[in-house]
Amino acid sequence: MQITTSSFWWKGRSAEVNQDSLSLQHVRLRDGSAVLAVVCDGIGSLSRGEDAGGIAVRHLTKWFYGECRELIFEKKSKELILLALQRQVYQIQELLLNFQQKERIRSGTTMTCLLLIRRRYYIVHVGDGRLYLLRRRRLLPVIWWRKAWVKCLTMEDQDRAGRLTKCLGAECADRPFYDTGRIRRGSLFLLGTDGIWHGMDRKRLGQLFGNVWGRKSPGRMSGKIRDGKHPGQPDRNVCDSRQLQRRLEMMAQQSADRGSFDNMAAIAVAVE
Amino acid sequence: MEKERYRIIRKLAEGGSGVTSLVWDEHLSRQWVMKEITLQGEGGQTAEGQYDADQAEGQCQAVQAEIRALTAVRMDGIPFLADAWREENKVYLIMEYLEGMTLEQRIATQGAMAETEAVRIGVQLAVLLQYLHERTPALIHGDIKASNVICRKDQADSAALLDFGASFVQSGEYDSSGSGGCHYTPGYAAPELIRTGRPSIQTDIYAFGVLLYAMASGELPGDCGWEATAVRQQNPFLSPQMEAVIAKCVEHDPKNRYHTMEEVRLDLLSCGETALCKKNGEKRHRKADKHLYQRVTSLLCTEGKERGVLLPAVAVLCACTALFLTVRAPGAEESMAAGKTLPVNLRSQSGDRILVDYGAVYHTGQNPLFELPESCFVKERRYEVTLRQRDCVDGSIRERTFLICME
């Protein structure tokens, strides 16, 4: 499987500080790849949200190159990896509580984390960020506005009035959302903070990202020399990081045009 | 005319001396490769209307050498010569067609090979070269490079060696060289070949080592030459034994290199890779360092400050040293340079990219390596790059300025 990643980080049209933080780590193993993608949105109504987000992303990044690396190479089960992720969430919570006590402030952050290890994904989520999974439509007829199958993998911790009900650093972050599943080829994971999802729905996402895979479906290795191509060259499409980057920028622009003034952070991970 | 027997299917390659085509033999109903070499024109004139006796003589000798080499050897992996004739100012060679992708194409499209693959191809080539070198007199290929090695499609796990136009018969007399002079490919030529113009078994071994490096690292030597860097920095999955084989092949002093291709072959086999070691039908797997991985992307974006109290067990080694890097193009306005930050990469001594968080303090016990990406520079413009170190305790400053021009 080939993995392509891209990220977008912008403080928005009017904010002075970008309280969103992100971490994107992609390593190639002997038998696959591992990716850590985390986006955090510091709570603007509290103090120093950027510091809270920074604590979360740094901790998870260090964990990825520490304990998680051992779990990856020892090929531990998905249950152990999920438990390890849960422990990190509680450790981040401890760090944030210590930080607030030390600085005598109240602070907090949302967090959406996607961990890909070989052919499996793991999700940890607290707050109002979102993680979407898009899959290329291969069997169903492709209509111009329905080029991808889109699903939101996370639940938004918001009440009916749209207010955040759960975040890291606050007492209510006792049950983060966890999930795991197998990765299929032709998948695209999109995670981002709430600023970039302003006015965005699944239909618009499908229009925006549905054609990153191009028109050809992945083929097998061609055995004959055809049209000047040498044998051994697979005739499949792989979306490159520049395409993903452009799509993320377009998404951010559309959100800003629809009235979003918030910070924006997003990560796209394409699996081919 | 013999040429009418062969119908051209398509052109395979075109070089300075001639054209190589895939042809169909109407008599034998099979494919061949036809090499059409254009000699000096009638009356001893080139296409430009000038006569160069030395060049004409060298060209004839090159063709004769290739014919001699191909008729003298008969081995699977070396295309045999089926026919050769001359018509006016052209010489035609009909050779066996080996279908497959050249190593150059394969490396260019697929990058570095797995060590098993590189060892397998290396051993096969070593066997072929040893066969050539053991002949009496020894036959030096003289132009080993990635574009002259084919991974055969019709036979799985098989490599073949092409293009004997630069071959050299080592009979003790330099005049028996095929190229009428020195022919070499930049990047693959051993230092003594460039210096003296005399091919030898050691120059073949050197070129073979460069080929192994290209297979292991995924980097083909360019026209400007080739620098031997630690191949494991390019491919961390490579074993130290393989790195040692490559290093010994490309030693500057030919006396320090391998003496024969047989020694190279034995060392390659003992690299311990599985594809060539089968015992009782089971493959023995190499005990790989399971902690090997390669960072593709490492990005952290946050405006949050890292607090010492939040980091568990931080050992502060150099808390009072700050490093600044500035770039100024001569003649550029100060307002353009001011306020701009450079995308500097920080690497450890082993080449790993350290997390880039510009607000953080980096604790390192080794020499840190600062890297400026190519995108910082405009070609053929000169830059002053200044590295400034300020001690946060006593405020002392040290700096060094470099002049860099990207070509």
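Here is how names work: the chains are called A, B, and so on, in the same order as the sequence lines, proteins then strands, and each is numbered from 1. This structure is a prediction, so every number in the text was calculated from the model and none was measured.
- For the atom pair A:Trp10 CH2 and B:Cys301 SG, the distance stands at 15.5 Å (nearest 0.5 Å).
- Here the closest heavy-atom approach between residue B:Glu303 and residue A:Glu50 is recorded as O-CG, 3.8 Å.
- Summarising the geometry, atom CG belonging to B:Leu299 is positioned 7.5 Å from atom CD1 belonging to A:Ile267; distances are rounded to the nearest 0.5 Å.
- In this structure, CG on A:Asn18 lies 8.0 Å from OG1 on B:Thr302, to the nearest 0.5 angstrom.
- Contact between B:Ser298 and A:Gln25 at its shortest, heavy atoms only, is OG-OE1, 3.0 Å.
- Most heavy-atom pairs under 4.5 Å with chain B: of the set A:Leu36, A:Leu22, A:Thr5, this distinction falls to A:Leu22.
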